[in-house]
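Naming convention: chains lettered A, B, ... in sequence-line order (proteins, then strands); numbering from 1 in each chain.
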Number of protein chains: 2
Amino acid sequence: MLTIVDGDAAPSSLIAALDRVLELTVLLHDDMTTSLAAEGLTTSRAHLLWVLHHGRPSTQRALADALGVSARTVTGLVDGLAATGFVTRSPHPTDRRATLVQLTDHGATSVAAMARDQAGLADQLFADLPPAVFEGFVEGLDAVLERLREAIDRA
Amino acid sequence: MLTIVDGDAAPSSLIAALDRVLELTVLLHDDMTTSLAAEGLTTSRAHLLWVLHHGRPSTQRALADALGVSARTVTGLVDGLAATGFVTRSPHPTDRRATLVQLTDHGATSVAAMARDQAGLADQLFADLPPAVFEGFVEGLDAVLERLREAIDRA
DNA sequence: TATTGTTATACTCTATAACTATA
DNA sequence: TATAGTTATAGAGTATAACAATA
């Protein structure tokens, strides 16, 4: 974690807040990585399954676009997911260049488990928060997200 | 981004909140990756530089412990950072098995740039927030972090 | 001519295991 | 005997470029 607070500069509550946001991101990432590993998935492969669950059988080209990675990368991800039984490849009915990727039963079960895990995590993080605290958090979060999107757009 | 809200389950404000937290983490990660790439750094290498900046010349063993990776991984990271001029290796003064890694001027300059980037980001995210919104966000963030740490401890 | 997905190649991060040089 | 860091090896994610099959 890139914690910035040190003796080099005057401490800033803004920087301290960013540090805690970054800590949250790191902890969340580790938690999700651990959960997925228990099901035999990496984050990249899980992401592909997730896209598949929401978009139904897709060509690899469509998956590459949805995931924001190259066609070559999708080949590798699908290879791995097919070898471990999460997806299957089948020919596209009308375009003989293309391949359709679809979830197996095992893949669908894993996606359902991922959804349950996320719902459970949301519960653990938020369910017992005082409503005012939860609402304040969400309000601030939305404002921060908006500013972050603006900053990225400017860059 | 693993956005969970779909037609499969009753929409939940808790899940929606987690989705936005996850969106924030993804956008922050992409933003930082882009900034670091502009300086010729990956996140792993930047993390090592950051540890070095805060801990002064360190053995690779100490770096491996601080980063939570294997000794082999540190060898690779230091190889890359040395080849690109961010760090140098030198013999440990008293333990001839060990190697000290230290920042070059270029490495120190890069760490300073990283610190500036983070401070700038904190400004962009928080500086123009109404104080009450900022405080509500931080209060909620602290509560969420606490619950996340508890959840991880239980697991 | 353009597109889909592959092979070829390469770089990075990560790990374990075996080994060398030292403690 | 234990530790620091290396080589050897391997798997995963990522990319570009060249290529085959098909549109």
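Following rounding to the nearest Å, A:Arg61 (CZ) and C:dT3 (P) show an atom-to-atom distance of 10 Å. In this structure, B:His47 atom NE2 and C:dT12 atom C1' are separated by 17 Å, rounded to whole Å. Taking atom CZ on A:Arg72 and atom P on D:dA20, their separation rounds to 17 Å, with Å as the unit. Between the C1' atom of C:dC13 and the CG atom of B:Leu41 lies a distance of 15 Å, rounded to the nearest Å. The separation between B:Arg45 atom CZ and D:dT14 atom P is 17 Å, rounded to whole Å. Rounded to whole Å, atom P of C:dC13 lies 14 Å from atom NE2 of A:His29. The distance from atom CG of A:Leu67 to atom P of D:dT14 is 8 Å, rounded to the nearest whole Å.
In this structure, A:Ser70 does not reach the D:dT14 phosphate: none of its side-chain N or O atoms is under 4.0 Å from OP1 or OP2. For A:Thr59, no side-chain nitrogen or oxygen approaches OP1 or OP2 of C:dT4 to under 4.0 Å. For the OP1/OP2 pair of D:dA12 and a distance below 4.0 Å, the side-chain nitrogens and oxygens of A:Ser44 include no atom meeting the criterion. Contact between the side-chain N/O atoms of A:Thr42 and the OP1/OP2 oxygens of D:dG13 is found at a separation under 4.0 Å. At D:dA15, one or more side-chain N or O atoms of A:Thr73 fall inside 4.0 Å of OP1 or OP2 (strictly under the cut-off). Under 4.0 angstrom from either OP1 or OP2 of D:dG5 there lies no side-chain N or O belonging to B:Arg89.
For B:Ser58 (side chain) and B:Leu63 (main-chain N/O), no donor-acceptor pair under 3.5 Å exists by modelled atom type.
Between B:Phe126 and B:Phe137, the ring planes lie tilted relative to each other; the angle falls in the 30° to 60° range.
With respect to the salt-bridge test (charged N to carboxylate O, under 4.0 angstrom), the residues A:Glu23 and B:Arg149 qualify.
Of all nucleotides listed (C:dG5, D:dA23, D:dA15), D:dA23 comes nearest to the side chain of A:Arg97. Residue B:Leu77 has its side chain nearest to C:dT14 when only D:dG5, C:dA23, C:dT14 are considered.
Checked by atom type, the side-chain pair A:Arg89/A:Gln60 shows a donor-acceptor distance below 3.5 Å.
A:Thr75 comes within contact range of at least one nucleobase, with a heavy-atom separation under 4.0 Å.
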